[in-house]
There are 2 protein chains.
Amino acid sequence: MPDSLRRFKADIFQALAHPTRIAIIDLLATGELSAGDLMERLGMEQANISQHLAILRAKKLVTNRKSANKVFYSVKDPLIIEVLAIMRKYFQNNLKESHELLHELDSAHSEVTP
Amino acid sequence: MPDSLRRFKADIFQALAHPTRIAIIDLLATGELSAGDLMERLGMEQANISQHLAILRAKKLVTNRKSANKVFYSVKDPLIIEVLAIMRKYFQNNLKESHELLHELDSAHSEVTP
DNA sequence: TCCTTATATTCGAACATACGAATATAAGGA
DNA sequence: TCCTTATATTCGTATGTTCGAATATAAGGA
């Protein structure tokens, strides 16, 4: 297993390592949506969504198509959706540890106020 | 798809988003190895390997077992190995874009010297 | 042309991650 | 007990990521 393959995988995982980007891919899994649709469904800042889309584009996880003044995005390879499905299964396989992890994620954020 | 599941997935992907940690999981895929074994096979600093192992432990991707003064690590759930296998398939499915990505990764590092 | 809508990019601040050097801990063995 | 081997943790620095605010671009429509 050459190091280049590992760097590639790490790079794709990095692109997937944000809840908003996972949400975008989840939404696109059922069909293409415009940037505005994604913005509306996720209820986030326009610039923020656009930045996350830029990352997904850079890593070639999504393709985009321009129609009039809208840009429609879709998932490029359904294998990525399969990866997300396996991760859901992983979550369920390890329910106990999964919930522990989530609690750590929560408390990590509220650690500011002791 | 609740947001907590997305945060969980993002967190696991974050843990996988480093070539060294992928290499560690690849090595552990065939059976348990000690921290020293990993250090030797990867030819990296002891502290660095130990830090990466700490991350994999924190995200419960690996388990460890102490025997005498050695610590043996193994992959906790083979589903993770399956995820890596799917990523390899993804790499092959998208050979053209994959190589483009790798070149961008390479040139991103040498951008210091124009 | 000017205006509006839709999307992208740039910038700076806050925060997170990665690394090696140094240090700490823990388990045997002499 | 002291020494050695194996592993973990802490610290400082460099680098990368995320966000919103502001700005830029691009395509119609009036």
For D:dA6 and B:Tyr73 - does any side-chain N or O of the residue sit under 4.0 Å from the phosphate oxygens OP1/OP2?
no

For residues 77-87 of chain B, pull every pair meeting salt bridge (Lys or Arg N to Asp or Glu O under 4.0 Å), keeping only residues two or more places apart or in separate chains.
none

Any side-chain to backbone donor/acceptor pair from A:Asp37 onto A:Ser34? Under 3.5 Å, distance only.
yes

Is A:His52 close enough to D:dT17 that one of its side-chain N or O atoms is under 4.0 Å from OP1 or OP2 there?
no

A:Ser50: which residues meet the side-chain contact (heavy atoms from CB on, under 4.5 Å) condition with it, sequence neighbours left out?
A:Gln46

Within the structure, does a side-chain N or O atom of A:Arg57 lie under 4.0 Å from either OP1 or OP2 of C:dT9?
yes

Protein-nucleotide distance (A:Lys70, atom NZ; C:dT5, atom P), rounded to Å:
12 Å

In whole Å, I'd like the distance from the CZ atom of A:Arg7 to the P atom of C:dA18.
16 Å

Involving DNA chain D, stems made of at least three consecutive Watson-Crick or G-U pairs, both distances under 3.5 Å:
C:1-30 with D:1-30

Under 3.5 Å, which donor-acceptor pairs do the side chains of residues 54-65 of chain A form with other protein atoms, sequence neighbours left out?
unit_1, atom_1, unit_2, atom_2, d
A:Arg57, NE, A:Tyr73, OH, 3.1
A:Lys60, NZ, B:Glu100, OE1, 2.8
A:Thr63, OG1, A:Ser74, OG, 3.4
A:Arg65, NE, A:Glu32, OE1, 3.2
A:Arg65, NE, A:Glu32, OE2, 3.3
A:Arg65, NH2, A:Glu32, OE2, 2.4

Within residues 31-42 of chain B, which residues have any heavy atom lying less than 4.0 Å from an atom of DNA chain D?
B:Ser34, B:Ala35, B:Gly36

Contacts of B:Phe91 that satisfy ring-ring contact (aromatic ring centres under 6.0 Å, His included) - sequence neighbours left out
A:Phe8, B:His99

Is there any ring pair (Phe, Tyr, Trp, His ring centres under 6.0 Å) pair reaching into residues 41-68 of chain B, and which pairs are they, with sequence neighbours excluded?
B:His18-B:His52

Taking for each residue the nucleotide of DNA chain D with the nearest heavy atom, is it B:Ala54 or A:Ile55 whose nucleotide lies nearer the 5' end?
B:Ala54

Rounded to the nearest Å, what distance is computed from the CD1 atom of residue A:Ile49 to the C1' atom of nucleotide C:dT5?
18 Å

What are the atom names and distances for every N/O pair under 3.5 Å that joins the protein to nucleotides 20-30 of chain C?
unit_1, atom_1, unit_2, atom_2, d
C:dG20, OP2, B:Asn48, ND2, 3.2
C:dG20, O6, B:Gln51, NE2, 2.9

Measure CG/B:Leu56 against C1'/C:dT17 and give the value in whole Å, please.
14 Å

By side-chain hydrogen bond (donor to acceptor under 3.5 Å, both in side chains), B:Glu40 pairs with (sequence neighbours left out) none

Separation of D:dT17 C1' from B:Phe13 CZ (nearest whole Å)
18 Å

Taking only residues two or more places apart in sequence or in another chain, which ones pass side-chain hydrogen bond (donor to acceptor under 3.5 Å, both in side chains) with A:Ser98?
none

Atom pair OG1 (B:Thr20) and CD1 (B:Ile49), whose distance is rounded to the nearest 0.5 Å:
6.5 Å

Distance, rounded to the nearest Å, where B:Ile24 contributes CD1 and D:dA8 contributes P:
11 Å

Gap between atoms CD1 and P, on B:Ile22 and C:dA18 respectively (whole Å)
12 Å

State which residues pass salt bridge (charged side-chain N to carboxylate O under 4.0 Å, His left out) with A:Arg7; sequence neighbours excluded, sorted by chain then number.
A:Asp3, B:Asp106

Between P of D:dA6 and CG of B:Asn64, the distance in whole Å:
17 Å

Below 4.5 Å, heavy atoms only, C-beta onward: do B:Phe13 and A:Ile22 meet side chain to side chain?
yes

Any non-hydrogen side-chain atom of A:Arg88 less than 4.5 Å from a side-chain atom of A:Gln92?
yes

